[in-house]
Peer 1: 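This is the structure I want to talk about, given as structure tokens.
Bear in mind that the values here come from a model prediction, so they are computed numbers and not experimental data. For this chain, numbers begin at 1 and follow the sequence in order.
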Amino acid sequence: MDLRLNQNKKMNIRALVKTTLNDTEITGVKNLFAQTPFSAFIQNPEYEKVIDRNALHVLLYSEDLISIMGYALVEAKKKLLTTISFGPICADENLFPLLTASCIKALQEYGFKIIRFQPPDIQLEIWNKTLSHLQEKFTTFSLPSELNWSTLILDISPSEEELIKSFSENHRRSLKKAKNENLVIEQVTDINEMNDLAKGLCKMYAARKIPYDLEIEKERLKNLFVFAVEKKNGLILQVKKGIQLLGGIILIKHNNRIFYLIGFSDPDFKNIPVNHLLFLKSFERAKSLGCNSFDFGGYGRPGYADNQVLNINRFKDGFKGGRIDYPDTILIAKNSLYKFIYTNYIKLGRRKK
């Protein structure tokens, strides 16, 4: 197993990059995950099975190598590029700047030349300290092509009747229409049902001219079933009319928030507002799991979103959630040469499109 230890004596934090975690480490990180004050839905260590072979773990210890102070699950692309999404998690937000710098230093020592860092929704003061700290220690830059994360958060604690009243008029009409279609919302409890969900998802991809591989999607959705259902990190719902599968949704839980990860509706049944009812029932099921807020899983920022994303925005807007803009994604290069190479590689790729 490939391990590399990086020690930063000045900060008294040690970062350990690992390909796998043992049971004790997983338990420690899951405890930390439950204490993390910001939303870090894909930083559950068990999510590595969804990322599969591209996953690496960064454990951030106090100097005694006993207490886990932070953790990041990162997605690697060969040995050139890795991505930290909404991490590293930590129980104390004030440690975030130091833990982030140690995490990035360890990944550089491990061999990565470019690190894409997508920050969590953290206090502005702490983020400013983090950004300043990273700019002092590393070669940082940004690109307009990088995803800058925004989302909508809906308070789902009111009753279903109160929630519906708060929705847009169009959404209320759509819900009435959907309820007249005799649709059945079911919780997926059998992993074999994921094959049908994968087919439905790929059918939607085909209609939107998005490249896909059915076998890869089947495997990915089965891994998500294990993570969300078997390990109780979320839930999966599907909607049917008779025996016809019309749509599905996969949700991930982090403390009292549930996050929309993947969903689809059958493009052959556009006249039935499947997603309106599916999301409404998702709110109800999420509340039964102890959640009081629903994260719509991303929102395309104006000026960067294409027409398809803007249509998705309009659908999400109808539920009247509050918009949150996360800090912008930044890139950290090993040195100025790799910054130059990566920047021009991205520009070349965009010109070819």
Side-chain angles (χ1 to χ4, degrees), residues 39 41 121 149-188 197 200-201 203-205 207-208 210 234-242 244-253 256-289 291-325:
S39 178
F41 41 87
D121 178 29
W149 192 263
S150 297
T151 192
L152 299 179
I153 306 292
L154 178 67
D155 177 7
I156 57 174
S157 58
S159 67
E160 182 175 297
E161 182 182 3
E162 291 174 305
L163 281 173
I164 293 173
K165 284 181 180 179
S166 71
F167 298 162
S168 69
E169 183 179 348
N170 180 65
H171 272 36
R172 293 197 299 270
R173 284 198 302 265
S174 294
L175 282 168
K176 285 182 180 178
K177 182 177 180 181
K179 288 179 178 180
N180 290 332
E181 292 286 345
N182 296 317
L183 303 179
V184 177
I185 308 289
E186 302 174 335
Q187 193 160 327
V188 177
L197 266 68
L201 185 64
K203 186 176 181 181
M204 183 186 73
Y205 286 159
R208 295 182 179 179
I210 299 172
L235 62 103
I236 302 173
L237 302 176
Q238 61 185 5
V239 56
K240 291 183 176 181
K241 184 169 185 178
Q244 179 67 48
L245 177 65
L246 298 186
I249 191 170
I250 299 177
L251 305 164
I252 296 176
K253 184 178 181 294
N256 62 358
R257 180 178 295 181
I258 203 150
F259 171 81
Y260 166 70
L261 183 66
I262 300 172
F264 78 93
S265 58
D266 192 318
D268 291 341
F269 294 86
K270 290 182 179 179
N271 60 319
I272 301 177
V274 171
N275 281 327
H276 296 77
L277 187 61
L278 191 54
F279 271 75
L280 178 65
K281 295 304 178 184
S282 295
F283 305 156
E284 179 184 312
R285 299 295 178 93
K287 281 197 283 190
S288 72
L289 295 178
C291 298
N292 56 30
S293 61
F294 186 97
D295 187 318
F296 281 87
Y299 187 88
R301 295 188 185 182
Y304 296 92
D306 59 22
N307 289 334
Q308 186 168 281
V309 172
L310 289 175
N311 286 333
I312 296 171
N313 279 359
R314 281 190 283 271
F315 168 74
K316 293 178 179 180
D317 281 332
F319 293 100
K320 302 299 183 180
R323 176 174 158 180
I324 292 177
D325 293 331

Peer 1: Determine the sole option in Leu278, Ile249, Leu280 for which the side chain to side chain contact (heavy atoms under 4.5 Å, CB included) test with Ile185 is passed.
Peer 2: Leu278
Peer 1: Atom CD1 of Ile250 and atom CG of Leu235: how far apart are they, to the nearest 0.5 Å?
Peer 2: 10.0 Å
Peer 1: Quick one, Ser39 and Asp121 - any side-chain contact, counting heavy atoms below 4.5 Å?
Peer 2: no
Peer 1: Quick check: Tyr205 with Phe264 (ring centres under 6.0 Å apart)?
Peer 2: no
Peer 1: Give the C-alpha distance, both sets of side-chain angles, the deciding distance and a yes or no for side-chain hydrogen bond (donor to acceptor under 3.5 Å, both in side chains) between Tyr299 and Asp325.
Peer 2: CA-CA 9 Å; Tyr299 187 88; Asp325 293 331; over 6 Å; no
Peer 1: Working to the nearest 0.5 Å, report the span between CG of Leu163 and CD of Glu160.
Peer 2: 7.5 Å
Peer 1: Determine whether Glu186 and Leu237 satisfy the following criterion, side chain to side chain contact (heavy atoms under 4.5 Å, CB included), listing intermediate values before the conclusion.
Peer 2: CA-CA 6 Å; Glu186 302 174 335; Leu237 302 176; over 6 Å; no
Peer 1: Is there side-chain contact between Ser150 and Arg301, with heavy atoms separated by less than 4.5 Å?
Peer 2: yes
Peer 1: So does Glu284 pair up with Lys281, basic N to acidic O under 4.0 Å?
Peer 2: yes
Peer 1: Determine, step by step, whether Asp155 and Ser293 satisfy the side-chain hydrogen bond (donor to acceptor under 3.5 Å, both in side chains) criterion, reporting the C-alpha distance in whole Å, the side-chain angles of both residues, the deciding distance to 0.1 Å, and the verdict.
Peer 2: CA-CA 5 Å; Asp155 177 7; Ser293 61; over 6 Å; no
Peer 1: Does any part of the side chain of Leu246, heavy atoms only, come nearer than 4.5 Å to the side chain of Ser265, both counted from C-beta?
Peer 2: no
Peer 1: To the nearest 0.5 angstrom, please state how far the CG atom of Asp266 sits from the CG atom of Leu201.
Peer 2: 11.5 Å
Peer 1: Given the rule in the side chain to side chain contact (heavy atoms under 4.5 Å, CB included) test, do Lys179 and Leu277 qualify, once you have shown the distances and angles that lead to the verdict?
Peer 2: CA-CA 8 Å; Lys179 288 179 178 180; Leu277 187 61; 4.2 Å; yes
Peer 1: State, yes or no, whether a side-chain contact exists between Leu251 and Phe259 at a heavy-atom distance under 4.5 Å.
Peer 2: no
Peer 1: Can you tell if the side chain of Val184 reaches within under 4.5 Å of the side chain of Val239, non-hydrogen atoms only?
Peer 2: no
Peer 1: Examine distances only and state if a side-chain atom of Lys177 and a backbone atom of Pro273 form a donor-acceptor pair shorter than 3.5 Å.
Peer 2: no
Peer 1: Report the C-alpha distance between Ile164 and Leu175 in whole Å, list the side-chain angles of each, state the deciding distance to 0.1 Å, and finish with yes or no for side chain to side chain contact (heavy atoms under 4.5 Å, CB included).
Peer 2: CA-CA 9 Å; Ile164 293 173; Leu175 282 168; 4.2 Å; yes
Peer 1: I'd like to know if Glu181 and Lys176 make a salt bridge, using a cut-off of under 4.0 Å between side-chain N and carboxylate O.
Peer 2: no
Peer 1: With a 6.0 Å cut-off on ring centres, are His276 and Phe315 close enough?
Peer 2: yes
Peer 1: Looking at Lys203 and Asp268, is there a salt bridge between them, counting it only when a charged N and a carboxylate O are closer than 4.0 Å?
Peer 2: yes
Peer 1: Rounded at 0.5 Å granularity, tell me how far OH in Tyr260 sits from CZ in Phe296.
Peer 2: 10.5 Å
Peer 1: For the pair Phe294 and Arg257, evaluate side chain to side chain contact (heavy atoms under 4.5 Å, CB included) and give the outcome as yes or no after the intermediate values.
Peer 2: CA-CA 6 Å; Phe294 186 97; Arg257 180 178 295 181; over 6 Å; no
Peer 1: Can you check whether Ile272's main-chain N or O pairs, donor with acceptor, with Lys241's side chain at less than 3.5 Å?
Peer 2: no
Peer 1: Within the structure provided, determine whether Thr151 and Trp149 are in side-chain contact (heavy-atom separation under 4.5 Å).
Peer 2: yes
Peer 1: Once you round to the nearest 0.5 Å, how far does NZ of Lys316 lie from CG of Asn311?
Peer 2: 12.5 Å
Peer 1: Distance check, rounded to the nearest 0.5 Å: Ile262 atom CD1 versus Ile252 atom CD1?
Peer 2: 8.0 Å
Peer 1: Could you check if a side-chain atom of Gln308 sits within less than 4.5 angstrom of a side-chain atom of Ile210, using non-hydrogen atoms only?
Peer 2: yes
Peer 1: Do Asn313 and Val309 touch side chain to side chain, with heavy atoms closer than 4.5 Å?
Peer 2: yes
Peer 1: Counting only heavy atoms not in Asn307, do more than 12 sit closer than 6.0 Å to its CG atom?
Peer 2: no
